[in-house]
S.K.: 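Could you have a look at this structure, given as structure tokens, before my questions?
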Amino acid sequence: MKTNSPNITSILQITGIRKAFPGVQAISRASFDLNPGEIHALVGENGAGKSTLIKILTGAHKADSGEVLLDGKLVSFGSPLEARRAGIAAIYQEFSLIPSLPVSANIFLGRENTTHGLISPRREIKDTIALFNRLGLKLDPETPVGNLSIAHQQLVEIAKALATKSQILVMDEPTAALAPHEVESLFGILRDLKSEGIGIIFIGHRLEEILEIADRVTVMRDGATIGTWNIGEITRAELISQMVGRPIEEEYPKSKAIFGETYFEVRGLTGGPVRDISFSARRGEILGLAGLMGAGRTEVVRLIFGADNKSDGQIIIGGEKCDINSPKDAIDCGICLLTEDRKAQGLILMASCRENFALPNLESWSHLGFVDSKREIDRFSERVRSLNIRLSSPEQRAEDLSGGNQQKLLVARWLETNFEVIIFDEPTRGIDVGAKHEMYLLINELAARGKVVIVISSDLLEILEIADRIIVMREGQISGEISDMATATQEKIMALAT
Ligand SMILES: Nc1ncnc2c1ncn2[C@@H]1O[C@H](COP(=O)(O)OP(=O)(O)OP(=O)(O)O)[C@@H](O)[C@H]1O
Ligand SMILES: [Mg+2]
């Protein structure tokens, strides 16, 4: 049943919002309302306009037309700081933390804790510890944010939002970088906030989370809000087809695996927090790497890829020992790595989409020192089509793509290189259901072409569905392996991971 009739008790009413960016109508028609003490989810495909809508709400963007009513009063914020002062705290998809500053200073940034007008770092640290206790988080408030994992940075963002007394909390994909137990503790906090009467806008791509935590859900498609439903009155499948505009038959497509020879092998890999990792994978195999945040999965693949120095261990590809001391060595050996942190390690945000795509591939498209630009643009157009990347033009800046489309752009780039071993670190984080489906098809296709595919995923359901075998890590070591996928369960993985 649709419930999008205006609600008199609502604390927030957004109506008739429109917003264009050069070359794209990001929002053509958006309406949304929020009640106190409710969690209202906002869902939709990558590029549907979710982040833009909440940026308008919080004063980060200015709408071309439309109205925002807060407690029945017309408001228009000039900046996120103004919105925050009016009781709207937001956690954006892109973190707004300053890497060089300590955690506590980040949390109180812009409204420093003062005693008699003086900034008091000691009080900030004390308050930070209190907030962390509330979040069940064990972090040193004095560590620079830049030293933290993405998951921890996300939790710091949440702490920062909680530090202000807010009436409305907006969270743009807060769980994208969190492990299952961290999601559960976040949900515990959200339920507490809810019971205190705070209204929460929750943007996310993991539908099981939406169905678990939200009271209502609004779907955006192609820049418009197309409907609002009470959770419990819409099924998962209905929600998917509302978002995508067509039903998706199989959420996790899986083709029958045909394995070739053992092609990729790691022996005694050690370095940083990682100790004595040994495993092998066959051609055509999709090997899952599971474990909690901080178990060392990303560190393992960074060692394999030569991004960090190993202190011991060997990497054997096609029976031959490979001397990998840098990412370039790894690429030359036929390994490619899709990193989890697309902003810091992948894209050049100021450059255009086409340039980002072409960057590592220019050599192979050049002839006698000239880049074959027709070939470049042809390859680019084809990948944009096959991966369904949404951009207004090839020259659009990578920074202006929606989060999920940035991820797809990185994938497109790597698919152009010659590789036999491909490692995906959290490939579907922040990606919409339709694109996830395409990503699974792609992973299957790579395996069917005889590649070795290694997938790190914190999404247990996903890894169970797509992997042929799962290695579980705990505290820098392998704690077990699951090879009989027919009897594998989330509980089995969790038992090995904790
Ligand atoms: N600053 C900007 N300049 C130009 N275009 C932009 C800008 N910000 C967003 N867009 C475009 O507006 C559209 C909506 O983007 P938005 O980030 O709101 O999507 P989203 O629903 O949040 O997607 P995702 O799930 O991938 O985060 C996209 O086509 C995007 O490329
Ligand atoms: Mg977004």
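Heavy-atom basis, side chains included; hydrogens, waters and symmetry copies ignored. Counting convention: from 1, in listed order, for ligands and their atoms alike.
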S.K.: For atom 8 (N) of ligand 1, what is the nearest protein heavy atom, given as residue, atom name and distance?
M.R.: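 Answer, as residue, atom name and distance: Phe21 CE1, 3.4 Å.
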S.K.: Considering non-hydrogen atoms of the protein only, which is the closest contact for atom 22 (O) of ligand 1, and what is the distance?
M.R.: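 Answer, as residue, atom name and distance: Ser51 OG, 2.8 Å.
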S.K.: State whether a side-chain donor-acceptor pair under 3.5 Å links Thr52 with His61.
M.R.: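 No pair is found: no donor N or O on one side chain lies under 3.5 Å from an acceptor on the other.
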S.K.: Will you find, in the side chains of Ser10 and Gln13, an N or O donor that is under 3.5 Å from an N or O acceptor?
M.R.: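 Per modelled atom types, Ser10 and Gln13 side chains form a pair under 3.5 Å.
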S.K.: Give, for atom NZ of Lys408 and atom OG of Ser402, the distance between the pair rounded to the nearest 0.5 Å.
M.R.: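 Answer rounded to 0.5 Å: 7.5 Å.
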S.K.: For ligand 1, is any non-hydrogen atom under 4.0 Å from His205's backbone (N, CA, C, O), its side chain (CB onward), both, or neither?
M.R.: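 His205 to ligand 1: side-chain contact only, backbone stays beyond 4.0 Å.
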S.K.: Identify the two heavy atoms, one from Pro102 and one from Pro141, that lie closest to each other, and give their separation to 0.1 Å.
M.R.: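 Minimum heavy-atom contact is CB-O, 3.7 Å.
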S.K.: Which residue holds the protein heavy atom closest to atom 16 (P) of ligand 1, what is that atom called, and what is the gap in Å?
M.R.: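 Checking every protein heavy atom, the shortest distance to atom 16 (P) of ligand 1 gives Thr52 OG1, 3.5 Å.
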S.K.: Might you point out which heavy atoms bring Lys19 and Ile56 nearest each other, and give the distance in Å?
M.R.: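 Heavy atoms of Lys19 and Ile56 come nearest at CB-CD1, 3.7 Å.
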S.K.: Does the residue Gln406 have a heavy-atom contact with ligand 1, meaning some pair of atoms that are separated by less than 4.0 Å?
M.R.: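 No.
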S.K.: Using a 4.0 Å cutoff against the non-hydrogen atoms of Glu45, which atoms of ligand 1 qualify?
M.R.: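 Those qualifying, in numeric order: 21 (O).
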S.K.: Among all protein heavy atoms, pick out the one at the shortest distance from atom 1 (N) of ligand 1; state its residue, atom name and that distance to 0.1 Å.
M.R.: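 Of every protein heavy atom, Asp400 OD1, 3.5 Å lies nearest to atom 1 (N) of ligand 1.
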S.K.: Tell me whether the Mg ion (ligand 2) has Thr52 as a neighbour, meaning an N, O or S atom of it below 2.8 Å.
M.R.: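 Given the 2.8 Å cut-off, Thr52 does not count as a ligand of the Mg ion (ligand 2).
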S.K.: Once you round to the nearest 0.5 Å, how far does OH of Tyr92 lie from OG1 of Thr58?
M.R.: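 If we round to the nearest 0.5 Å, Tyr92:OH and Thr58:OG1 are 2.5 Å apart.
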S.K.: Side chain or backbone, does Arg390 bring an N or O within less than 3.5 Å of an N or O on ligand 1?
M.R.: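 Checking ligand 1 against Arg390, no N or O pair falls under 3.5 Å apart.
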S.K.: I'd like to check whether Gly47 has a polar contact with ligand 1, where a contact means an N/O of the residue lying under 3.5 Å from an N/O of the ligand.
M.R.: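 It does: an N or O of Gly47 is found under 3.5 Å from an N or O of ligand 1.
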S.K.: I need the nearest protein heavy-atom contact for atom 24 (P) of ligand 1: residue, atom name and distance, please.
M.R.: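 The protein heavy atom lying closest is Asn46 ND2, 3.5 Å.
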S.K.: In Å and rounded to the nearest 0.5 Å, what is the OG1 to CZ distance from Thr228 to Phe32?
M.R.: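 Going from the OG1 atom of Thr228 to the CZ atom of Phe32 covers 7.0 Å.
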S.K.: Applying the side chain to side chain contact (heavy atoms under 4.5 Å, CB included) test to Ile88, which of Val75, Val68, Ile201, Leu57 qualifies?
M.R.: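 Per the side chain to side chain contact (heavy atoms under 4.5 Å, CB included) rule, the option paired with Ile88 is Leu57, out of Val75, Val68, Ile201, Leu57.
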S.K.: Identify the closest protein heavy atom to atom 27 (O) of ligand 1: which residue and atom is it, and at what distance?
M.R.: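 Looking only at protein heavy atoms, the one closest to atom 27 (O) of ligand 1 is Gln93 NE2, 2.8 Å.
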S.K.: In the protein, what heavy atom is nearest to atom 12 (O) of ligand 1, and what distance, to one decimal place, separates them?
M.R.: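 Here the closest protein heavy atom is Ala26 CB, 3.3 Å.
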S.K.: Would you check whether His61 has a nitrogen or oxygen atom less than 3.5 angstrom from a nitrogen or oxygen atom of ligand 1?
M.R.: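 Min N/O separation from ligand 1 is not below 3.5 Å for His61.
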S.K.: Less than 4.0 Å is my threshold; does some heavy atom of Glu173 fall inside it relative to ligand 1?
M.R.: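 Yes, Glu173 has a heavy atom closer than 4.0 Å to ligand 1.
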S.K.: Under a heavy-atom criterion of less than 4.0 Å, does Arg397 contact ligand 1?
M.R.: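 Checking ligand 1 against Arg397, which is what was asked, there is no heavy-atom contact under 4.0 Å.
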S.K.: Should Val24 be counted as touching ligand 1, given the test is an N or O pair under 3.5 Å?
M.R.: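 No; every N/O pair is 3.5 Å or more apart.
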S.K.: Side chains of Arg191 and Ile200, heavy atoms from C-beta outward: is any pair under 4.5 Å?
M.R.: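 Contact flag for Arg191/Ile200 side chains = no.
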S.K.: Distance under 4.0 Å to a non-hydrogen atom of Gln396: what atoms of ligand 1 satisfy this?
M.R.: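 Per the distance check, 5 (N), 31 (O).
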S.K.: With side chain to side chain contact (heavy atoms under 4.5 Å, CB included) as the test, pick out the partner of Ile422 among Leu338, Ile454, Leu337.
M.R.: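 That would be Leu338; it is the only one of Leu338, Ile454, Leu337 passing the side chain to side chain contact (heavy atoms under 4.5 Å, CB included) with Ile422.
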S.K.: Counting only heavy atoms closer than 4.0 Å, does ligand 1 sit against the backbone of Met220, its side chain, both, or neither?
M.R.: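 Near ligand 1, Met220 shows nothing, with every heavy atom at 4.0 Å or more.
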S.K.: Side chains of Gln167 and Asp71: donor-acceptor distance under 3.5 Å anywhere?
M.R.: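 Side-chain D/A pair, Gln167 to Asp71: present.
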S.K.: Using a distance-only test with no angle check, is there a side-chain donor-acceptor pair under 3.5 angstrom linking Arg297 and Ser458?
M.R.: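 Indeed, the side chains of Arg297 and Ser458 share at least one donor-acceptor pair under 3.5 Å.
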S.K.: If we only consider heavy atoms of Gly49, is any one of them less than 4.0 Å away from an atom in ligand 1?
M.R.: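 Yes, that is the case, since the closest heavy atom of the residue is under 4.0 Å from the ligand.
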S.K.: Between Gln406 and Glu399, which heavy-atom pair has the shortest distance, and what is it?
M.R.: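 Looking at all heavy atoms of both residues, the shortest contact is NE2-O, 3.6 Å.
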S.K.: Give yes or no for whether the N/O distance cutoff of 3.5 Å, strictly under, is met between Leu401 and ligand 1.
M.R.: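 The answer is no, given that Leu401 and ligand 1 share no N or O pair closer than 3.5 Å.
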S.K.: Check this for me - ligand 1, Asn405, N or O atoms closer than 3.5 angstrom, yes or no?
M.R.: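 In fact, backbone or side chain, Asn405 has no N or O that close.
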